[in-house]
Amino acid sequence: MATTTGTAKRMDDDTVRATAVAAKAAGAKLARLGPERRSVLLRALADALREPKTRATLFAANAADLERAKAEGVATPLVKRLGLDAAKLDSVCDGLEQLAAMPDLVGRATLRRELDDGLILERVTAPLGLLGVVFESRPDALVQIVGLAWKSGNAVLLKGGREALESNRALTAVIAEVLEASGIDRRAAVLLEGREEVSAILGLHGIVEMIVARGSSEFVRQIQASSEIPVMGHAAGVCHLYVHAAADPAMAARLAVDGKTTYAAACNATETLLWDAAAGAALDACVSALGAAGVEMRADAATRARHPTLHAATAGDFGFEFGANIIAIRQVPGMDGALAHIAEHGSKHTEAIVTGDAAAAERFLAEVDAAGVFHNASTRFADGYRYGLGAEVGISTDKLHARGPVGVEGLLTYRWLLRGAGQRTADYGPGQRAFRHRDLG
């Protein structure tokens, strides 16, 4: 069915199901390609995205999305995430090259155990199969997700934000060409365009193995409540920078500015700065540096007593993801106060402490319950590319299966393989033959 610019093409439930079945079959072929051919596929996609003509097409599609988003009054943080420029594409291509160069994890034995003579057990990694990924307005995320799916031998159904429709279509067309040139069904990576299709996917238990939901906490909860398929949530990022009494003022200022301003719309941006009453000099340095960087600061009464020109914070400013050059600031009564505030207002994404006190740092690292806990480092380091994972399908704030930036390992499961020589369970037990249970390394 023909579509017009900005208009989503929709499939009925039967078509979605047939597409998912075909995608799963294509994923199985990806898994059987072997490490070298999957790496070749990733490099081919990076090369295709570096082609000047391809880039011109992608940038034109993205410009159309940006123009429509601004005309429709899309929120500024979403518009910033929507942009696709040469720097973002270069980063995506570099991530694909990283993935291609990484050791292959599919089919890797993570345990080898001799149960008895001639009875060898192995635990071997395996692809999940078919992923359904619902993600926000960043079109570069589409390529990162596809790259990780290919590296892990998985097919993927993709549903991006409506505001990025033209960009996602253009990127998916490039991906389809690379797949077909390699003899793989283009349905190994399918772009779904209508909201109704998400509902259809959520009902495909037994076909779709995992849903990755990237969006607000409310959105993730809605997806989790609507499906029997396991859901990995990438929800709000309410990240704190705690300026401890022993913080170096210059370091604290650098990290506050980096965490807030390098990409304010990112989920790993610093949203709240906490400071000890004994860290006044470090607070002063942070306020000065953030002000010079054009950041709006919303502060509690104790902070405003020291810096009266700051905006007064409301209760809702703490625990809120601004996604803009705005930061909340609060004084806390030492480490206990900082830990209590983070436990109440954090999103279990990433938390950081600035301190020269090693004992305080170790306590913070041990007691904060979050996917990422940092000492003397910006919260912006919480990222699959920066972790050397090549990319990420999302940053999981859950505790089951995968946590933090989810790379290839988070998209794998495992199987138990047992090779024997006719052994029977009836021969083992008390008074009979004993198991050896010798790990083979």
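Hydrogens, waters and symmetry mates play no part in the numbers below; they use all other heavy atoms, side chains included.
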Leu41/Leu45 under side chain to side chain contact (heavy atoms under 4.5 Å, CB included): CA gap, chis, key distance, verdict: CA-CA 6 Å; Leu41 196 63; Leu45 180 54; over 6 Å; no
Chi angles and distances behind the side chain to side chain contact (heavy atoms under 4.5 Å, CB included) call for Arg386, Asn268: CA-CA 12 Å; Arg386 295 187 177 99; Asn268 57 14; 4.2 Å; yes
Kindly determine whether Leu66 and Val79 satisfy side chain to side chain contact (heavy atoms under 4.5 Å, CB included), including the steps that lead there. CA-CA 7 Å; Leu66 287 168; Val79 173; 4.0 Å; yes
Take Ile353 and Leu365 through the test side chain to side chain contact (heavy atoms under 4.5 Å, CB included) and record every step on the way to the result. CA-CA 9 Å; Ile353 184 174; Leu365 294 172; 5.6 Å; no
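Sorted by first and then second residue, the salt bridge (Lys or Arg N to Asp or Glu O under 4.0 Å) pairs involving residues 292-308 (not counting sequence neighbours) are Asp284-Arg306, Glu296-Arg298, Arg298-Asp317. Residue pairs meeting the salt bridge (Lys or Arg N to Asp or Glu O under 4.0 Å) criterion with at least one partner in residues 340-353, sequence neighbours excluded, are Lys348-Asp369. Listed by first then second residue, pairs satisfying side-chain hydrogen bond (donor to acceptor under 3.5 Å, both in side chains) with a partner in residues 21-36 read Lys24-Glu209, not counting sequence neighbours. Sorted by first and then second residue, the salt bridge (Lys or Arg N to Asp or Glu O under 4.0 Å) pairs with a member in residues 260-275 read Lys260-Glu271; sequence neighbours excluded. Among residue pairs with one or both ends in residues 405-417, none qualify as side-chain hydrogen bond (donor to acceptor under 3.5 Å, both in side chains); sequence neighbours excluded.
Using a distance-only test at 3.5 Å, with no hydrogens or angles considered, no donor-acceptor pair links the side chain of Arg186 to the main chain of Leu179. Between the Ser182 side chain and the Val178 main chain, a donor and an acceptor come within less than 3.5 Å of each other. At least one donor-acceptor pair under 3.5 Å links the side chain of His375 to the backbone N or O of Thr355. Judged by distance alone, the side chain of Arg214 and the main-chain N or O of Val393 form a donor-acceptor pair under 3.5 Å. Side-chain N or O atoms of Ser227 include none that pairs as donor or acceptor with a backbone N or O of Gln224 at under 3.5 Å. Side-chain atoms of Thr125 come within 3.5 Å of backbone N or O of Gly107 as a donor-acceptor pair. In this structure, the side chain of Asn62 engages the main chain of Leu82 through a donor-acceptor pair within 3.5 Å. Checked by atom type and distance alone, the side chain of Asn154 pairs as donor or acceptor with a backbone atom of Gly129 at under 3.5 Å. With hydrogens and angles disregarded, a donor-acceptor distance shorter than 3.5 Å links the side chain of Glu392 to the backbone of Gly384. For Asp185 (side chain) and Ala26 (main-chain N/O), no donor-acceptor pair under 3.5 Å exists by modelled atom type.
For the pair Val332/Asp276, a side-chain contact is recorded, criterion being any heavy-atom separation below 4.5 Å from C-beta on. Using a 4.5 Å heavy-atom threshold, the side chains of Leu148 and Val408 count as touching. Counting only heavy atoms from C-beta outward, the side chains of Val287 and Trp275 never approach each other to under 4.5 Å. Counting heavy atoms from C-beta on, the side chains of Pro127 and Val106 come closer than 4.5 Å. Using a 4.5 Å heavy-atom threshold, the side chains of Glu177 and Glu180 count as separate. Here the side chains of Ile223 and Val198 are in contact, with some heavy-atom distance below 4.5 Å. By the 4.5 Å heavy-atom criterion applied to side chains, Arg363 and Leu339 are counted as neighbours.
Residues meeting the ring-ring contact (aromatic ring centres under 6.0 Å, His included) test with His341, sequence neighbours left out: His240, Phe318, His345. With sequence neighbours left out, Asp90 forms a salt bridge (charged side-chain N to carboxylate O under 4.0 Å, His left out) with Arg55. Residues meeting the ring-ring contact (aromatic ring centres under 6.0 Å, His included) test with Phe320, sequence neighbours left out: Phe322. Partners of Ala247 according to the side-chain contact (heavy atoms from CB on, under 4.5 Å) rule, which considers only residues two or more places apart in sequence or in another chain, are Val243, Ala282, Val354. Considering only residues two or more places apart in sequence or on other chains, Asp258 meets the salt bridge (charged side-chain N to carboxylate O under 4.0 Å, His left out) condition with none of them. Checked against salt bridge (charged side-chain N to carboxylate O under 4.0 Å, His left out), Lys151 has no partners two or more places apart in sequence or in another chain.
Nearest approach of Ser347 to Val238, heavy atoms of both residues: OG-N, 2.8 Å. Considering every non-hydrogen atom in both Ala360 and Met335, the closest pair reads O-CE, 3.2 Å. For the pair Cys267 and Cys239, the tightest heavy-atom approach, listed with the atom from each and the gap, is O-SG, 3.5 Å. Residues Ser396 and Ala371 share a closest heavy-atom pair of O-CB, 3.7 Å. The heavy-atom pair separating Ala200 from Asp13 by the smallest distance is CB-OD1, 3.6 Å. Closest heavy-atom contact between Phe135 and Ala141: CD1-CB, 4.2 Å.
Atom CG of Asn168 and atom CD of Glu163 lie 9.0 Å apart (nearest 0.5 Å). Taking CD1 of Ile184 as the reference point, atom CZ of Arg38 lies at 10.0 Å (rounded to 0.5 Å). Taking OG from Ser167 and CG from Leu142, the interatomic distance works out to 10.0 Å, rounded to the nearest 0.5 Å. One distance of note links CG of Leu33 with CG of Asp104; it measures 10.5 Å at 0.5 Å rounding. How far CG of Leu283 is from CG of Leu274: 11.0 Å, rounded to the nearest 0.5 Å. Atoms CG and CG, from Leu171 and Leu58 in turn, are 5.0 Å apart once rounded to the nearest 0.5 Å.
Side chain to side chain, Thr350 and Thr379 fail the donor-acceptor criterion of an N or O pair below 3.5 Å. Checked by atom type, the side-chain pair Arg123/Thr110 shows a donor-acceptor distance below 3.5 Å.
Remark: Glu72 CD is packed, more than 12 non-hydrogen atoms of other residues, nucleotides or ligands lying under 6.0 Å away. Within a 6.0 Å radius of CZ in Phe59, more than 12 heavy atoms belonging to other residues, nucleotides or ligands are found. Within a 6.0 Å sphere centred on CZ of Arg17, heavy atoms belonging to other residues, nucleotides or ligands number 12 at most. Heavy atoms from other residues, nucleotides or ligands lying under 6.0 Å from CZ of Arg37 number 12 at most.
The pair Arg68-Asp65 counts as a salt bridge, with a side-chain nitrogen and a carboxylate oxygen less than 4.0 angstrom apart.
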Name the atoms and distances for all side-chain donor-acceptor pairs under 3.5 Å in residues 92-103, with sequence neighbours left out.
| from | atom 1 | to | atom 2 | distance (Å) |
| --- | --- | --- | --- | --- |
| Asp94 | OD2 | Tyr385 | OH | 2.4 |
| Glu97 | OE2 | Arg50 | NH1 | 3.2 |
| Gln98 | OE1 | Gly390 | N | 3.3 |

